Asks: 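The structure under discussion is supplied below as structure tokens; questions concerning it will follow.
Naming convention: chains lettered A, B, ... in sequence-line order (proteins, then strands); numbering from 1 in each chain. A quick note: this is a predicted structure, and the numbers were derived from the prediction, not measured.
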Protein chains: 2
Amino acid sequence: REVISLPAEMDVEEVAQIFDKYNFLALPVVDKDGKLLGIVTVDDVMDVMQKEATEDFLRVGGIPAGEDLPLDPPLVSVRKRLPWLMGLVILNMSVAGLVSRFEATIAELAFVASLMPLIADMSGNAASQALTVAIRGMALGLVGWRDLPRVLWKEMRVGLLAGLGLGVQIGVIATLLWRKPLFGMVAGIALAGTTVGACLTGGAIPFLFKRLGLDPAMMSGPVATTIGDLIGIGLFLSLSAAFRSYLM
Amino acid sequence: REVISLPAEMDVEEVAQIFDKYNFLALPVVDKDGKLLGIVTVDDVMDVMQKEATEDFLRVGGIPAGEDLPLDPPLVSVRKRLPWLMGLVILNMSVAGLVSRFEATIAELAFVASLMPLIADMSGNAASQALTVAIRGMALGLVGWRDLPRVLWKEMRVGLLAGLGLGVQIGVIATLLWRKPLFGMVAGIALAGTTVGACLTGGAIPFLFKRLGLDPAMMSGPVATTIGDLIGIGLFLSLSAAFRSYLM
């Protein structure tokens, strides 16, 4: 009778999927000649999976350097959190550079600045959703590198649909608050662009990172947020500049 | 001999901690008279824990309405993601309202707008770290409601130390880019305030939400980000307004 066994070089996530699917309690591990090397039990696999899930959770949350517990001494936590935040400041200077090219427009149309934090925050929110879905799907073994085109096609459609909803929403709000329907339209297009950019990069970056041998959970959020910012704030300020005479 | 048993009303996280600590494979569940109701095995507990960890991961990532998989149809994903994003737009209008009170300052000092997306993004990053630590600590049973003062005291010190580092960093960068040391100082104080605000609210909100019977992972990110935005952008624009004649 055929005996199910695990090759020694099999990825732990694949092993976990086999245990999960067939409800085995233990499986033999063999080398490439089929010689028994040992036994893996369901406990071992669950421990490893829990460790990986925790790592993903912490890394997506911006704690890449291992566990940081609520009552650890502040200096221990600062050492784990600050280098990450300082890197993100550098990354964000690309957005500051983009905005500073539009100083003349902002001086004339100061009210446009009111919606810049919205675009920045929403880019983070939409990116966070897309990458959570991608990372979870990869951990479950539902998608791999060759699914990237399908994931991108899906995320583009999600971004366009959600962007349409958000664009109409902020368009109505901005028109009511500032009594400028054209400003509402500019804000709506910018928020839609932000959403598409954040969904696409949030969906793609975990795959690209894994392909490059990096952790998919690491840095995906800030990179996708920054790209979403650049697209959204770039659209917003470009359109404001183009229509400045009608917006004043 | 004393038999270890689980009261039927015990919380599943507490049950998991007992299994984890003592490496039991199964434990009896009893009612309040000590009568046997059934047996819980380690598999059951791990399944429940994995389900809860997944829920936390998805909710912190902004997918509150259950699993959203990478290759689900776009409309299914939009239904799970868009209501959440639309709620965050409303929440963010408080930041837009704050910024619009400073239109005169922004018209005069348009270059200050360059750092507004940085403050908004970093508030999200610092909040995300603090709440990841809090939610993980609660899931591990390391902290509960009565530890809130100690968590706040810790997060305040982390926020101040990390804020000091980030403040000095952006102070130096802004001074070099805009040749205005006073603007560097204003940006530094604002970024430090953002960090303290985001750490405190990111650390506190999961506890407050759990106390109110809500899911600690739900909405903590956006609420803490918005409070960090209000503090940081409020400080930044107030100080810019106060020193406007020296910044021009």
Side-chain angles (χ1 to χ4, degrees), chain A residues 46 53 56-58 60-63 68-71 74 77-78 81-82 85-86 88-89 92-93 95-96 99-100 103 106-107 110-111 113-118 120-122 124-126 128-129 132-134 136-137 142-143 150-151 154 157-158 161-162 165-166 169-170 173 222 225 229 233, chain B residues 46 53 56-58 60-63 68-71 74 77-78 81-82 85-86 88-89 92-93 95-96 99-100 103 106-107 110-111 113-118 120-122 124-126 128-129 132-134 136-137 142-143 150-151 154 157-158 161-162 165-166 169-170 173 222 225 229 233:
Chain A
M46 290 218 171
D56 278 357
F57 185 67
L58 292 171
V60 169
I63 316 275
D68 169 13
L69 298 169
L71 298 174
S77 299
V78 170
R81 299 190 207 176
L82 185 56
L85 294 175
M86 290 183 105
L88 301 183
V89 168
N92 214 284
M93 292 322 291
V95 183
V99 176
S100 64
E103 268 181 36
I106 293 168
F111 66 91
S114 305
L115 294 185
M116 282 170 44
L118 172 73
D121 282 341
M122 293 303 291
N125 295 328
S128 160
Q129 290 182 331
T132 297
V133 171
R136 173 90 185 127
L142 297 174
V143 280
R150 289 166 68 204
V151 169
K154 183 254 172 96
R157 286 179 295 163
V158 171
L161 285 166
L166 294 170
Q169 183 193 16
I170 194 65
I173 292 174
T225 301
D229 280 1
I233 293 180
Chain B
M46 289 214 171
D56 278 357
F57 184 68
L58 292 171
V60 169
I63 316 275
D68 170 13
L69 298 169
L71 297 174
S77 299
V78 170
R81 298 189 205 176
L82 184 57
L85 295 174
M86 291 185 104
L88 301 183
V89 168
N92 214 286
M93 292 321 290
V95 183
V99 176
S100 63
E103 269 181 35
I106 294 167
F111 65 90
S114 305
L115 293 185
M116 282 171 42
L118 171 73
D121 282 341
M122 293 304 289
N125 295 328
S128 159
Q129 290 182 331
T132 298
V133 171
R136 174 89 185 128
L142 297 173
V143 280
R150 289 165 69 203
V151 169
K154 183 254 173 99
R157 287 179 294 163
V158 171
L161 285 166
L166 294 170
Q169 183 193 16
I170 194 64
I173 292 174
T225 301
D229 279 2
I233 293 180

Asks: So which of Ile63(B), Asp121(B), Leu161(B) has the largest heavy-atom pair count under 4.5 angstrom toward chain A?
Replies: Asp121(B)
Asks: Go through Met122(A), Met93(A), Arg136(A) and name the one with the most non-hydrogen pairs under 4.5 angstrom from chain B.
Replies: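 With the most close heavy-atom pairs to chain B, the winner is Arg136(A).
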Asks: Given Leu142(A) and Leu71(B), is the side chain to side chain contact (heavy atoms under 4.5 Å, CB included) satisfied, shown in steps?
Replies: CA-CA 8 Å; Leu142(A) 297 174; Leu71(B) 297 174; over 6 Å; no
Asks: Grab the two heavy atoms, one from Lys154(A) and one from Leu69(B), that are nearest each other, plus how far apart they are.
Replies: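 Scanning both residues, the minimum pair turns out to be NZ-O, 3.0 Å.
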Asks: Counting heavy-atom pairs under 4.5 Å with chain A, which one of Ala134(B), Pro70(B), Ala126(B) comes out on top?
Replies: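 Most heavy-atom pairs under 4.5 Å with chain A: Pro70(B).
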Asks: Can a donor-acceptor pair be found, under 3.5 Å and without considering hydrogens, that links the side chain of Ser114(B) to the backbone of Val99(A)?
Replies: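 Side chain of Ser114(B) to backbone of Val99(A), a donor-acceptor pair under 3.5 Å: no, none is there.
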Asks: Are the side chain of Gln169(B) and the backbone N or O of Val89(A) linked by a donor-acceptor pair below 3.5 Å?
Replies: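 Answer holds: no.
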Asks: Looking only at heavy atoms and a cut-off of under 4.5 Å, which of Gly62(A), Ala53(A), Gly137(A) has the most pairs with chain B?
Replies: Gly62(A)
Asks: Taking all non-hydrogen atoms of both residues, which atom of Ile233(B) and which atom of Pro117(A) are closest, and how far apart?
Replies: CD1-CG, 3.7 Å
Asks: Pick one of side chain, backbone, both or neither for Val143(B), based on which atoms fall under 4.5 Å of a heavy atom in chain A.
Replies: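 Just the side chain, heavy atoms under 4.5 Å.
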Asks: Select, from Arg157(A), Glu103(A), Met116(A), the one with the greatest count of heavy-atom pairs under 4.5 Å involving chain B.
Replies: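 Top option by heavy-atom pairs under 4.5 Å: Glu103(A).
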Asks: Less than 4.5 Å to any heavy atom of chain A: does that hold for the side chain of Ala162(B), its backbone, both, or neither?
Replies: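 Both parts, backbone and side chain.
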Asks: For Ser128(B) and Gly61(A), which heavy atoms make the closest approach, and how far apart are they?
Replies: OG-O, 2.9 Å
Asks: Quick check for you: to the nearest 0.5 Å, what is the distance between Ile173(B) atom CD1 and Ile170(B) atom CD1?
Replies: 4.5 Å
Asks: Based on non-hydrogen pairs under 4.5 Å, which of Arg150(A), Met86(A), Gln129(A) is most in contact with chain B?
Replies: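 The candidate making the most pairs under 4.5 Å is Gln129(A).
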Asks: Shorter than 4.5 Å, heavy atoms on both sides: which option in Val151(A), Asp68(A), Val95(A) has the most such pairs with chain B?
Replies: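 The answer is Asp68(A).
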Asks: Please flag which part of Asp229(B) lies under 4.5 Å from any non-hydrogen atom of chain A: side chain, backbone, both or neither.
Replies: side chain
Asks: Minimum heavy-atom separation for Val60(B) to Phe57(A), with atom names?
Replies: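 Shortest heavy-atom separation between Val60(B) and Phe57(A) comes out as CG2-CE1, 3.9 Å.
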Asks: Any idea which of Leu82(A), Asn125(A), Leu85(A) has the most non-hydrogen atom pairs under 4.5 angstrom with chain B?
Replies: Leu85(A)
Asks: Using non-hydrogen atoms and a 4.5 Å limit, figure out which bit of Thr225(B) sits close to chain A: side chain, backbone, both or neither.
Replies: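 When you check distances to chain A, only side chain atoms of Thr225(B) fall under 4.5 Å.
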